[in-house]
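Chain naming here is simple, since letters A, B, ... match the order of the sequence lines and numbering starts at 1 in each. Because the structure is predicted, anything quoted here is derived from the model rather than measured.
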There are 2 protein chains.
Amino acid sequence: MKKKLSVNYSETCKTRITAIRDTMEILSGKWKFHILGTLLETDKMRFMDLLREVEGIGSKMLSKELQDMEINQLVTRTVQQTKPITVVYEITEYGKTLGPIIDEIAKWGISYRNALHTTKDRKNAG
Amino acid sequence: MKKKLSVNYSETCKTRITAIRDTMEILSGKWKFHILGTLLETDKMRFMDLLREVEGIGSKMLSKELQDMEINQLVTRTVQQTKPITVVYEITEYGKTLGPIIDEIAKWGISYRNALHTTKDRKNAG
DNA sequence: CGCATCAGTTTCCTTTTGGAAACTACTTTC
DNA sequence: GAAAGTAGTTTCCAAAAGGAAACTGATGCG
């Protein structure tokens, strides 16, 4: 008569799973990490500059991702009454708390590339 | 004559973007973080136990995600010649280097929940 | 007037992702 | 010999994600 550990082994673990799900939902999609990474280094940036900086993104996606992040208070959107109207996006203090995650991810990715170069037996990556 | 910062502002930044892309490609999909999170706490686990532990996953997805991660050497697959054949999945030493990322993500998710509870004005999350 | 820029939005389409359920194949237990 | 457990695979389908290109609408430049 085995009870099959079935029920999720601990409350701590459930909390952890939920936490991971929350974070990843907020950072979902192909572009949020890149936009945030850019905004973390520049602080302020206009729409068109982001469009040029974030390689490969289109205006539809950029617009959508920025809206998502504005809702989640990771960035702010400010309209500036300049000659041709400009809009400035800025990372919030709250958004900056994602810094350590992005740093860890970047760090890992770099060591991954290095591993690829030294031990030639790992999977190819683009 | 403004040169439009256009070209990605620094090599460091390009490296960073590439690094983020690499990591996120390896950890892509709905389930890898959860499987890894589980494996990081238990070390070894059989297929059927993972199927029960990772809430909501189906055998197709579990199988596929494990294969991806085996290719990328994050987990190992070991067939055990027990009465009904069992297969044990184990996180590799290399896979364990993802620990800090997953920890940061979990940490952020937890503080996000806390922020939701205290300041009631943030977006609802499932 | 015609063209360009800024900041998007809309439409239409393809690709990717993921889930449910059925099925394979082998072994053990009742 | 039927049922149940092991570890998957296959098929079929729906939903989500994402891209290209056209369009809006305001303003400014020559």
Inset, instruction - Measure the distance from CD on B:Q81 to C1' on C:dT28 and round it to the nearest whole Å. - result: 15 Å
Legend entry - Whole-Å gap separating P (C:dT5) and CG (A:L50): 18 Å
Legend entry - Set of residues satisfying side-chain contact (heavy atoms from CB on, under 4.5 Å) with respect to A:K44, sequence neighbours excluded: A:V88, A:E90
Legend entry - B:Y89 side chain reached by B:R77 side chain, heavy atoms, under 4.5 Å: yes
Inset, instruction - Following the transitive rule for hydrophobic clusters with a side-chain heavy-atom cut-off under 4.5 Å over Ile, Leu, Val, Met, Phe, Trp and Tyr, establish whether A:I110 and B:I20 coincide in one cluster. - result: no
Inset, instruction - Do nucleotides 6-17 of chain C as a string where each nucleotide becomes B, S or -: B if the base has a protein heavy atom under 4.0 Å, S if just the sugar-phosphate does, - if no protein is that close. - result: SBBBBB------
Legend entry - Interatomic distance where CZ belongs to B:F33 and P belongs to C:dG18 [whole Å]: 13 Å
Inset, instruction - Quickly work out the B:D68 CG to D:dG8 P distance and round it to whole Å. - result: 14 Å
Pairs under 3.5 angstrom only: tabulate donor-acceptor contacts from the side chains of residues 62-69 of chain B to other protein residues two or more places apart or in another chain.
unit_1: B:S63; atom_1: OG; unit_2: B:Q67; atom_2: NE2; d: 3.4
unit_1: B:E65; atom_1: OE1; unit_2: B:K32; atom_2: NZ; d: 3.0
unit_1: B:E65; atom_1: OE2; unit_2: B:W31; atom_2: N; d: 3.4
unit_1: B:D68; atom_1: OD2; unit_2: B:K32; atom_2: NZ; d: 3.3

Inset, instruction - Just say parallel, tilted or perpendicular for the rings of A:Y94 and B:Y112, cut-offs at 30° and 60°. - result: parallel
Legend entry - Spacing between B:I57 atom CD1 and D:dT9 atom P, to the nearest angstrom: 13 Å
Inset, instruction - Decide yes or no for B:L98 and B:F33: does some side-chain heavy atom of the first lie under 4.5 Å from some side-chain heavy atom of the second? - result: no
